[in-house]
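The figures here come from the full heavy-atom set of this structure, side chains too, leaving out hydrogens, waters and symmetry mates. Treat the numbers as computed from the prediction; the structure is a model and nothing was measured.
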Amino acid sequence: MTTLWKRAAGAIKDKNSIVVANLCRKNAFRNSDLESAIIKATSHDEDFMDKKNAQRVFSWIRASPLSLRTVRWALSKRMEKTRSWVVAIKGLMLMHGVINCKVVDVQQMGRLPFDLSNFSDGYSKATKMFGFNSFIRAYFAFLDQRAVVSFEQENHNNKKLKSNDNHDPEQEQLQRPLMVQQLLKLQKLQSLLDLLMQVRPQADNMRVDLILAAMDCIITEIFNIYGRICSDIAKVLLNIYSVGKLEAAIALKILLKARVQGEELSLFFEFCKDYGILNANEFPIVAQIPDEDIEEFERIINGVPETNKEENQNMAMVLREENNAIVEQKESKAGLQTIITEKWVIFDENMNINNGETIAKKSAAAAVDVKDLLPLVPIDVPVYNNPFEIPDLITF
């Protein structure tokens, strides 16, 4: 009887809100049709998600970025007044979709226009709703920080364009080195991943469709951010021998953090699979940072002997095929040397192959035919690739 009364009361509230929205005049912040779509997309009905009106909101923003004013005003007004966990979660999912509309005005929005950091459901006992309240607060914390990171990145890109146009020397001096900027961006992505892994159901009574749908959005966002982290770390490792002590110190912290996050992410996905979240069944292989890369950054921070530096410089080489010959380009202090040969050369290093065996060390001058060599990348070693495309994160 109580549940039926709550549903009836919620339906009446939604209808009254739609009537009030339709009676208001249109102005810079008011659009009755758009407000009605927002109210329907964030209704009090726990068992129904209005995908049609949610998509209408996203399409409206893409077609007319000025509509973002109405969305921010209407959604913030509804979120600040509600005491219903259903409306709060639907509002956060709608805001999640708005952030991923990839519109410039959205990226410049900054923090969310409402605050749910202290949300508490007002229609049920606190002991029964603590899991829902914690979920909403964690979801809000992530989205708020996600909007801030997008805002900072957009501002940085705009300032970079202006400095390139004006050729301001003072502005150029204030710019950090490219590697440092990339490392700081990586740290922000790792912070977002930490916040994402805090969004999870913490009670058995949360196995409801609305929570599972919200978790699908979280899993998809994790795929996106984790893929970007892996891609950026790969770029850093490619430049491992060209960084200074400052960059190496920051990079070392990032690699150590990535190792911890990899373990936490595996546990998070296992939890989601056991809980019944659909998207968790397709989670990618979590790549672990090799010990050799971490040790290399530690050597750079502590100082590398001159002989080792020369060896490291000689390790950077490029092989390409030119007129049926193999051209080897090798960097050294003396300059760029080019050696042309028609044979592949096995260098004085151990090479692991697919079945775990090892090709013994051979002389650097020993030459063999191309057909006798195994593939450079073992086939059974998983190479991380993020296959998930996210056109609009939320697809209700």
Side-chain angles (χ1 to χ4, degrees), residues 96 99-100 102 107 142-143 145-146 148-150 152-153 156-157 177-200 215-243 247-273 277 279-298 300 316 352 354 375-393:
H96 201 165
I99 292 175
N100 285 275
K102 297 181 180 179
Q107 305 304 318
F142 161 71
L143 288 179
Q145 188 61 30
R146 169 83 155 73
V148 170
V149 171
S150 298
E152 292 175 349
Q153 185 63 37
H156 174 74
N157 294 337
L178 182 60
M179 176 60 73
V180 175
Q181 294 178 18
Q182 189 174 11
L183 293 172
L184 294 177
K185 177 184 173 184
L186 253 173
Q187 288 183 325
K188 292 178 181 178
L189 290 177
Q190 288 182 326
S191 297
L192 288 178
L193 188 58
D194 280 337
L195 291 174
L196 271 172
M197 288 189 287
Q198 298 299 317
V199 187
R200 63 173 72 189
M215 283 302 300
D216 280 338
C217 298
I218 295 299
I219 295 294
T220 306
E221 185 74 34
I222 287 178
F223 288 157
N224 179 25
I225 292 181
Y226 180 66
R228 291 165 62 187
I229 289 174
C230 290
S231 176
D232 288 349
I233 286 179
K235 294 176 183 177
V236 171
L237 294 179
L238 286 175
N239 299 309
I240 188 172
Y241 297 112
S242 63
V243 299
E247 293 90 342
I250 301 175
L252 180 60
K253 292 180 181 179
I254 290 173
L255 293 184
L256 294 175
K257 178 70 173 179
R259 172 176 287 185
V260 174
Q261 283 188 327
E263 298 173 356
E264 294 176 347
L265 202 55
S266 297
L267 296 175
F268 180 83
F269 280 125
E270 290 299 328
F271 166 80
C272 292
K273 285 177 63 178
I277 298 164
N279 279 353
N281 294 323
E282 301 178 357
F283 71 92
I285 297 174
V286 178
Q288 296 295 337
I289 305 297
D291 293 336
E292 293 79 5
D293 294 330
I294 294 178
E295 292 172 358
E296 194 62 41
F297 278 111
E298 290 176 343
I300 294 174
N352 292 327
N354 294 347
L376 295 178
V377 179
I379 298 174
D380 62 343
V381 176
V383 179
Y384 178 79
N385 181 27
N386 184 13
F388 302 96
E389 296 183 0
I390 312 172
D392 288 319
L393 187 64

Exercise for review: Apply side chain to side chain contact (heavy atoms under 4.5 Å, CB included) to C272 and M215, showing your working.
Suggested key: CA-CA 8 Å; C272 292; M215 283 302 300; 3.9 Å; yes

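- Considering only heavy atoms from C-beta on, K257 stays 4.5 Å or farther from Q187 through its side chain.
- One finds the CD atom of Q181 at 8.0 Å from the CG atom of L184 (value rounded to the nearest 0.5 Å).
- The side-chain heavy atoms of I250 and M179, taken from C-beta on, include no pair separated by under 4.5 Å.
- When all heavy atoms of Q107 and S150 are compared, the closest pair comes out as OE1-CB, 3.2 Å.
- Using a distance-only test at 3.5 Å, with no hydrogens or angles considered, no donor-acceptor pair links the side chain of N224 to the main chain of T220.
- Proximity of L193 to L189: side-chain heavy atoms (C-beta onward) are nowhere separated by under 4.5 Å.
- Across all their heavy atoms, Q190 and A258 have their closest contact at NE2-N, 3.6 Å.
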Review point. Yes or no on side chain to side chain contact (heavy atoms under 4.5 Å, CB included) for I277 and R200, after CA distance, side-chain angles and deciding distance?
Key: CA-CA 11 Å; I277 298 164; R200 63 173 72 189; over 6 Å; no

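- Between the E221 side chain and the L196 main chain, no donor and acceptor come within less than 3.5 Å of each other.
- You'll find the side chain of I254 stays beyond 4.5 Å of the side chain of V236, heavy atoms only.
- Atom CD1 of I233 is separated from atom CG of L238 by 12.0 Å, given to the nearest 0.5 angstrom.
- Here the closest heavy-atom approach between residue I222 and residue F268 is recorded as CD1-CE2, 3.4 Å.
- Within the 4.5 Å cutoff, the side chain of Q261 has no heavy atoms near those of the Y226 side chain.
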**Study point:** Stepwise side chain to side chain contact (heavy atoms under 4.5 Å, CB included) check, V199 with L195
**Key:** CA-CA 7 Å; V199 187; L195 291 174; over 6 Å; no

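- Between E152 and K188, some side-chain heavy-atom pair lies under the 4.5 Å cut-off.
- Looking at L267 and M197, their side chains never come closer than 4.5 Å, going by heavy atoms from C-beta outward.
- To the nearest 0.5 Å, atoms CG (L186) and SG (C230) are separated by 10.0 Å.
- The shortest non-hydrogen separation linking E247 to V180 is CG-CG2, 3.8 Å.
- Within the 3.5 Å criterion, the main-chain N or O of G227 finds no donor-acceptor partner in the side chain of S231.
- In terms of heavy-atom proximity, F142 sits nearest to L192 at CD1-O, 3.9 Å.
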